[in-house]
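Have a look at the structure below, then the notes.
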Amino acid sequence: MRILLIGDVVGKPGRRAVKALLPGLRREYNMDLVVANGENLAAGFGLTRDTMEEMLDAGVDVVTAGNHVWDNKEIIPHMNEEIPLIRPLNFPPGTPGRGTIGAKGALIVNLMGRVFMGTLDDPFRAMEEVLAETRAKIILVDFHGEATSEKNALGWYLDGRVSALVGTHTHVATADARILPKGTAMCTDAGMTGPINSIIGSEPEDVLARFTTQMPRRLRIAEGPVQFNSVLVDVDDTTGMAREIFRIDRNME
Ligand SMILES: [Fe+2]
Ligand SMILES: [Fe+2]
């Protein structure tokens with residue numbers, strides 16, 4: 001089974017890149033399952049039903065989220081519907097939505113890190129509960145986190161027990177896609193699908209004003225050429241372990 005995870009899709013430029021590039025890539029690489037991190041789909045902050053629908057129409061099967069999931073409140077009433085959207089599993093019990101979903105015979109799990117992020121429940125223990133309950137052989141974890149160390153640690157912790165762990169959230173792609181000794185594929189961060197001439201998706205002028213003045217400033221999504229960042233994992237259906245992992249990155253005007 002070939003699974004693609006697309007790094008955080010940011011605003012309209014990110015959606016434009018997915019719509020333009022994904023249908024061709026899906027065919028070219030024979031993908032069976034496409035997962036996209038959608039926490040920044042709606043103008044960079046959260047997502048809406050419509051922006052999520054745009055991704056599904058472009059060939060995305062499952063949308064994952066992260067710390068920005070609640071930024072656009074419009075999505076909250078939809079979180080408990082039977083739609084292919086998950087949010088980090090380790091939010092407190094009773095939070096709207098769910099943290100895992102089955103698709104095309106695989107289980108997709110969304111988790112969030114705790115280093116330099118919110119104080120969520122322990123992602124390591126949350127994953128133990130998932131593994132105790134699931135019968136799925138093919139398991140993909142989208143680990144949404146800031147610290148490379150924490151993402152690497154969870155990868156090693158799950159080595160041999162999940163098919164792949166791919167990080168999201170930093171919007172900066174890492175060049176470390178590899179298969180760990182017991183067969184779990186990992187990449188610290190898939191990167192970002194959004195405007196190239198930006199500071200992690202936002203207009204540089206706005207971000208620089210925040211850093212240099214320490215005053216609040218609204219962040220606009222940057223314009224211009226766009227990048228598409230993703231990671232493809234080829235999984236052996238019988239063992240559930242990874243055969244191959246590599247990046248698929250594209251730029252367009
Ligand atoms: Fe993000
Ligand atoms: Fe994030």
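For ligands, and for the atoms within them, numbers begin at 1 and follow the listed sequence. The structure presented is a predicted model; accordingly, all values stated were derived computationally and were not measured.
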Taking D32 first and then K104, would you say they form a salt bridge - that is, a charged N and a carboxylate O separated by under 4.0 Å? no
Report yes if some heavy atom in the side chain of V166 is under 4.5 Å from a heavy atom in the side chain of V141; otherwise report no. no
K19 atom NZ, neighbour heavy-atom count above 12 within 6.0 Å: yes
Sort by chain and number the protein N/O/S atoms that are closer than 2.8 Å to the Fe ion (ligand 1), and list them. D8 OD2, E39 OE2, N40 OD1, H171 NE2
Do T48 and D50 get their side chains close enough for a donor-acceptor pair, meaning under 3.5 Å? no
Can you check whether A209's main-chain N or O pairs, donor with acceptor, with T213's side chain at less than 3.5 Å? yes
Geometric cation-pi criterion R114 and F116, 6.0 Å radius, 45° cone: no
